[in-house]
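Worksheet for the structure shown next.
Just the heavy atoms: all of them, side chains too, but no hydrogens, waters or symmetry mates, feed the values below.
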Protein chains: 2
Amino acid sequence: MKKLTPAEENYLKAIYHLLEEGPEKVSTNEIASLIQSKAASVSDMLKRLAEKELIYYKKYHGVSLTESGHKTALHIIRRNRLWEVFLVEKLKFNWDEIDTLAEELEHVNSPLLVRRLDEYLGFPKFDPHGDPIPDEFGELSSKPRIVLSEVRSGQVGKIVAVNNSSAAFLKYLDKVGIYIGAKVEVLDTIEFDGSQELLIDGQKKVFVSKEVSANIQVMLHPG
Amino acid sequence: MKKLTPAEENYLKAIYHLLEEGPEKVSTNEIASLIQSKAASVSDMLKRLAEKELIYYKKYHGVSLTESGHKTALHIIRRNRLWEVFLVEKLKFNWDEIDTLAEELEHVNSPLLVRRLDEYLGFPKFDPHGDPIPDEFGELSSKPRIVLSEVRSGQVGKIVAVNNSSAAFLKYLDKVGIYIGAKVEVLDTIEFDGSQELLIDGQKKVFVSKEVSANIQVMLHPG
DNA sequence: ATTTTTTTTTAGATCAGTCTAAATCTTATT
DNA sequence: AATAAGATTTAGACTGATCTAAAAAAAAAT
């Protein structure tokens with residue numbers, strides 16, 4: 001486990017996030033578009049990451065993470081999300097201002113610093129976006145929460161939290177029958193605007209905009 | 001005031017620190033030895049910094065900071081020292097563990113982040129080493145404190161604080177006649193081990209080890 | 001005032017990271 | 001199955017940052 005450059009860390013993180021969406025391979029172009037670079041640059045980097053045994057890479061056939069790459073990605077994500085908590089909880093940033101800052105802070109790689117920060121923040125389990133924070137061993141301590149807008153059609157989950165507690169928002173949820181603990185199935189996602197058709201508790205169908213679904217946290221495969 | 005690379009920031013900071021020692025020009029070799037690189041690398045970088053009008057640079061004749069370079073250096077130092085305070089005050093690091101971490105954190109350059117951090121820390125005026133923290137405008141809010149071990153022979157100052165408040169340390173200071181407010185002149189510094197011969201209040205001569213003098217803060221040119 | 005020593009700069013390489021443009025491989029279409 | 005379309009990789013170039021070795025300039029010593 002040698003030290004990685006910030007660029008290498010960013011690629012790993014991107015691959016992890018793309019794999020999170022479901023597929024077991026991600027393509028060069030997908031990575032390029034996510035990290036806003038060009039396919040040629042990605043190709044280059046993939047060779048380096050493969051050499052370090054952080055990814056499985058077969059030319060022209062996409063990549064996936066090795067055990068080591070997966071663990072490393074989770075450590076990077078851990079740092080990122082702990083800093084996000086710090087920025088929001090301690091420095092009073094809004095949760096929409098923290099992404100670029102956390103992206104920079106996450107590359108300061110000192111296990112001791114991360115441990116102390118974690119402790120200082122009270123060992124938070126979720127970041128301000130509702131995403132889970134991996135523990136010191138790269139383990140997600142609980143079933144991952146996911147934002148409803150990122151749940152794919154056909155998947156079923158349970159609503160566990162909202163990211164926006166304004167009166168207007170909560171009143172709206174109440175009106176359409178969405179509440180914490182409700183079972184929710186995504187029936188359809190409109191690609192054009194990201195809006196979704198939902199089935200609440202197996203009975204009521206509702207249509208919600210992406211602005212709404214992006215503020216609702218879901219736990220997949222509820223018991 | 002465009003964004004600088006971490007390397008550029010490190011060079012600026014190094015030049016600033018060397019100029020702080022008194023001279024109005026610093027040499028390529030001095031910089032190289034401070035930042036642990038080679039003269040050739042420094043030469044290269046100096047060209048770039050001169051191009052950006054951060055330093056005055058005349059080949060073979062050393063460098064000094066321009067107004068803009070000076071201000072920039074102070075901003076970098078501000079970030080560095082605020083993070084040092086954070087690491088010690090909030091994350092409970094010892095003041096000897098923070099240097100490399102602060103070196104990395106200082107390169108995250110976001111004015112808003114720095115302002116919020118400053119506020120969160122209660123607008124500290126000195127870092128854990130006793131060095132002053134420049135304000136938002138790059139101004140040192142008070143006469144700079146300096147650690148006694150860094151005072152050169154011949155200079156005179158006033159003792160203003162100690163960094164170590166252990167009973168054993170304070171008892172020792174008392175015994176040799178060192179106290180807060182005492183006038184101190186550095187008569188001699190032994191290069192071998194950094195120990196110093198001091199003249200306290202123009203009367204008493206004492207010999208102190210570097211471990212001792214590194215824990216004593218002095219204000220130069222007392223009134 | 002030469003010569004020697006030291007310091008500094010240049011020249012030329014290397015590495016990481018990126019790009020554009022061209023070549024190559026895969027996949028979809030006919 | 002041949003070809004066109006699309007994705008991916010290579011080739012070659014550039015920037016930033018570094019290095020070693022050689023050349024050049026300044027300072028010190030004779």
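- Using modelled atom types and a 3.5 Å distance limit, the side chains of E67(B) and H70(B) yield no donor-acceptor pair.
- A salt bridge is defined here as a Lys NZ or Arg NE, NH1 or NH2 lying under 4.0 Å from an Asp or Glu carboxylate O, and E136(A) with R115(A) meets this definition.
- Defined by atom type and a distance below 3.5 Å, a donor-acceptor pair is missing between the side-chain atoms of S27(A) and N29(A).
- Put simply, the side chain of R48(A) reaches to within 4.5 Å of the side chain of D44(A), judged on heavy atoms.
- Listed by residue number, the members of residues 17-32 of chain A with any heavy atom below 4.0 angstrom from DNA chain D are S27(A), T28(A), N29(A).
- Look at R48(A) and you won't find any side-chain N or O under 4.0 angstrom from OP1 or OP2 of dA16(C).
- In this entry the distance linking CE of M45(A) with P of dT18(C) reads 6 Å, nearest Å.
- Contact of the K125(A) side chain with the D135(A) side chain is not registered, since no non-hydrogen atoms from C-beta on lie closer than 4.5 Å.
- In summary, contact between chain A and DNA chain D, defined as any nucleotide atom under 4.0 Å from a heavy atom of the protein, begins and ends at dA7(D) to dT10(D) in the 5' to 3' direction.
- Between L82(B) and P124(B) the shortest side-chain heavy-atom distance falls below 4.5 Å.
- Side-chain contact check for E84(A) versus L105(A): every heavy-atom pair is 4.5 Å or farther apart.
- Using a 30° and 60° split on the angle between ring planes, Y120(B) and F86(A) fall in the perpendicular class, above 60°.
- As rounded to whole Å, 10 Å separates atom P of dT9(C) from atom CG of D44(B).
- Taken residue by residue, residues 57-66 of chain B places heavy atoms nearer than 4.0 Å to DNA chain D at Y60(B), H61(B).
- Summarising the geometry, the separation between CD on E8(A) and P on dT18(C) is reported as 10 Å, rounded to the nearest angstrom.
- When heavy atoms are screened at a 4.0 angstrom cut-off, A39(A) is found touching base atoms of the nucleic acid.
- In summary, of the residues considered (R79(B), K13(B), R78(B), H75(B)), a side chain to side chain donor-acceptor pair (under 3.5 Å) with E106(B) occurs for K13(B) alone.
- Looking at L49(B) and Y57(B), their side chains never come closer than 4.5 Å, going by heavy atoms from C-beta outward.
- Look at S37(A) and you won't find any side-chain N or O under 4.0 angstrom from OP1 or OP2 of dT18(C).
- Of the candidates K25(B), E20(B), E21(B), P23(B) forms a side chain to side chain contact (heavy atoms under 4.5 Å, CB included) with just one, namely E21(B).
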